[in-house]
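Order of the sequence lines fixes the chain letters, A, B, ..., with proteins taken first and strands second; residue numbering starts at 1 for each chain.
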2 protein chains.
Amino acid sequence: MSRERTDEQPAPQALPQRALARLRVAVIDRDPGFMQVLANRFAALGCEHRSLSSPATVEALVAMRLNALVLDLSVVGPESWDYLERVCGRLPGLAVIVCTGPSSVAQRVRGLRLGADAWVTKPCHAEELICVIEAAVRRHRRHELPQIDVASTIGEITIRPDLYQAYVGERSLELTAREFEIVQLLAQSDRVLRREEIYERVWGYAMAHGDRSVDVFIRKLRQKLRAISPAWSYIHTHFGVGYRFAPEPEPDVEAADHRAPVEEPGPELPAALSR
Amino acid sequence: MSRERTDEQPAPQALPQRALARLRVAVIDRDPGFMQVLANRFAALGCEHRSLSSPATVEALVAMRLNALVLDLSVVGPESWDYLERVCGRLPGLAVIVCTGPSSVAQRVRGLRLGADAWVTKPCHAEELICVIEAAVRRHRRHELPQIDVASTIGEITIRPDLYQAYVGERSLELTAREFEIVQLLAQSDRVLRREEIYERVWGYAMAHGDRSVDVFIRKLRQKLRAISPAWSYIHTHFGVGYRFAPEPEPDVEAADHRAPVEEPGPELPAALSR
DNA sequence: TTGCGTGTAAACATCCTGTGATCGGGAGGC
DNA sequence: GCCTCCCGATCACAGGATGTTTACACGCAA
């Protein structure tokens with residue numbers, strides 16, 4: 001099957017995708033070096049991050065729509081406990097990791113009881129702190145996948161991950177699970193994808209040399225797409241490279257220019273790479 | 001930094017109700033004194049607890065229906081990492097707190113990434129450990145609440161979580177507890193649910209590879225639904241993905257011929273294939 | 001023209017799913 | 001306390017949809 005992303009033996013690859021990818025994290029601290037190290041790690045993990053050298057107001061934190069907050073209590077000053085309590089109280093869905101210098105048991109107990117999710121003592125190893133954040137965020141995220149399930153439309157094609165269903169205008173495309181995943185990948189990537197890349201991201205592991213599965217699936221997809229809207233071609237071959245998804249009028253073989261920047265009816269998205 | 005010795009007094013005031021009350025916690029350790037101290041604290045907090053001097057099998061842990069597990073990795077032996085991974089993998093809803101002697105950063109990172117919620121180094125203060133457990137459990141329980149006891153209606157189906165009862169129009173559906181939970185989950189999620197997801201949210205722990213319980217229950221549900229309203233099929237199979245609850249006669253999947261030849265389907269009547 | 005990459009088609013292998021049956025355990029009735 | 005019934009877990013099997021592999025024709029590039 002295809003869904004078996006979980007425990008498939010022939011998939012030595014994917015570690016469970018770092019939990020921080022695509023999340024928003026803020027760090028309130030005063031050590032520029034520390035924040036820089038973290039910023040680098042966050043960036044590497046595909047995590048949207050923000051460094052604050054002074055405590056933001058609770059309202060400001062709310063506005064940031066954060067998933068996690070790393071907080072050095074010593075930055076806040078005398079009202080640190082109150083601040084921590086207000087933050088945790090107002091943002092129950094926010095993972096708060098207190099990362100502060102040496103502290104007493106009583107302080108740690110107090111912090112945790114006020115709502116902090118974890119207490120890390122400085123100096124600490126960046127990777128360990130990252131893991132603590134991940135652990136905290138993991139639970140919050142576990143049941144709120146719906147946000148990834150938003151429908152997206154590319155030209156006439158509409159993709160609904162929540163229904164595992166694709167549409168051309170009003171009509172629905174009858175796609176199998178794997179076909180759908182390929183269309184989804186192609187449609188959401190506004191660029192040429194190499195076969196190896198498609199295979200790896202859909203199958204979950206590296207493509208064997210000489211494997212033509214991708215080609216076969218592309219053919220099936222073209223067939224089904226053509227059956228519904230013969231006037232358009234959606235999947236374009238880039239000889240020697242791979243495939244690209246883009247709604248364009250069915251070109252006659254000529255296609256003199258490869259990049260064929262056909263006047264493309266406005267809808268050619270703001271060109272601003274959506275990714 | 002955080003030297004501030006502000007009022008360390010236990011601040012008897014507004015600390016929230018202890019989160020461990022009525023929860024089930026197990027401790028796997030070999031230090032009788034340590035376990036006794038914890039046991040006393042757990043008892044004082046109204047927490048159902050269990051002390052194990054050797055690692056229970058994963059299945060045994062499942063059977064205990066725990067909310068949290070305190071684990072000394074050194075008790076497990078050479079296969080401790082594997083054990084930790086299996087436990088976390090099978091019980092995604094369990095808060096796992098590793099409480100072990102001195103360790104390296106790499107070990108802690110590994111433990112956290114395998115799924116542990118927190119890592120506490122021995123020797124540790126009992127109260128602090130309790131707080132860490134509470135913090136971990138707090139997160140887990142947070143999203144168990146969203147269950148609303150409000151009746152909801154999807155098409156002809158009415159679901160009353162408060163009565164554990166479902167209706168088709170006026171007639172009541174005689175469902176067993178588990179059947180009801182599955183219908184409820186499916187009906188309230190307006191999307192395709194994968195088997196693993198259904199299993200995890202209904203049974204409370206991860207589905208074992210090859211388990212077909214969900215299929216069997218789906219069959220029973222279809223049987224009962226069909227017995228009352230033969231004209232509709234509510235549970236739709238998405239081959240290779242999972243199931244989806246929808247009152248309409250499946251507008252998409254296998255409406256007609258899969259290969260849907262070029263010519264549009266002329267005789268496209270309702271064709272309400274129930275399967 | 002040659003060589004290689006791609007399109008197409010069909011045969012083939014896989015494994016997913018529906019189904020009926022069985023077994024063990026727990027709840028409830030007596 | 002014992003018995004019975006019902007529920008839930010697990011298994012085996014069959015049918016069939018899906019995914020993979022093989023084979024060959026075609027077109028692009030050099």
Quiz item: Should B:Tyr199 be listed as having a side-chain N or O under 4.0 Å from OP1 or OP2 of D:dG8?
Solution: no
Quiz item: Taking atom C1' of D:dG19 as reference, at what distance in whole Å does atom CD of A:Glu179 sit?
Solution: 10 Å
Practice problem: Pick out which of B:Glu48, B:Arg50, B:Arg24 makes a side-chain contact (heavy atoms from CB on, under 4.5 Å) with B:Met64. | Solution: B:Arg50
Practice problem: Starting at atom CG of B:Asp211, determine the distance to atom C1' of D:dC11, rounded to an integer number of angstrom. | Solution: 12 Å
Quiz item: Phosphate oxygens OP1/OP2 of C:dG7: is one of them under 4.0 Å from a side-chain N or O of A:Tyr243?
Solution: yes
Quiz item: So with a 6.0 Å cut-off around CD of A:Glu170, is the heavy-atom count from everything else above 12?
Solution: no
Quiz item: Between B:Trp203 and D:dA9, is there a side-chain N or O to OP1/OP2 distance below 4.0 Å?
Solution: yes
Practice problem: Quick one: sort the B:Tyr234 and B:Phe245 rings into parallel, tilted or perpendicular, breaks at 30° and 60°. | Solution: parallel
Quiz item: If you pin A:Leu175 and B:Val216 to their nearest nucleotides in DNA chain D, which one's is more 5'?
Solution: B:Val216
Quiz item: Is the backbone N or O of B:Val27 less than 3.5 Å from a side-chain atom of B:His49, with the two atoms forming a donor-acceptor pair by type?
Solution: no
Quiz item: OP1 or OP2 of C:dT17 less than 4.0 angstrom from a side-chain nitrogen or oxygen of B:Arg212, does that happen here?
Solution: no
Quiz item: Is it true that a side-chain atom of B:Glu181 and a backbone atom of B:Arg178 form a donor plus acceptor pair closer than 3.5 Å?
Solution: no
Self-check item: Rounded interatomic separation in angstrom, taking NE2 from A:His236 and P from C:dG5
Solution: 23 Å
Exercise. Would you mind reading off the distance between A:Arg226 atom CZ and C:dT8 atom C1', rounded to a whole angstrom?
Key: 11 Å
Quiz item: Quick one: is A:Arg178 getting a side-chain N or O under 4.0 Å of the D:dT20 phosphate, OP1 or OP2?
Solution: yes
Self-check item: Contact under 4.0 Å: B:Arg195 side-chain N or O vs C:dT17 OP1/OP2
Solution: yes
Quiz item: A:Leu221 has an atom CG; how far is it from atom P of D:dG19, in whole Å?
Solution: 11 Å
Practice problem: May I ask you to evaluate whether B:Thr176 reaches the phosphate of D:dC6, defined as a side-chain N or O under 4.0 Å from OP1 or OP2? | Solution: no
Quiz item: Could you state the CD1-P distance from A:Ile198 to D:dT20, rounded to the nearest angstrom?
Solution: 14 Å
Exercise. Looking only at side-chain atoms of A:Phe239, point me to the closest of C:dT17, C:dT6, D:dT20.
Key: C:dT6
Practice problem: Round to the nearest Å and state the distance from B:Leu193 atom CG to C:dT17 atom P. | Solution: 14 Å
Quiz item: Between A:Met207 (CE) and C:dG5 (P), how many Å, whole number?
Solution: 12 Å
Quiz prompt | Candidates D:dT21, D:dT10, C:dA9 - which lies nearest the side chain of A:Arg219 | solution = C:dA9
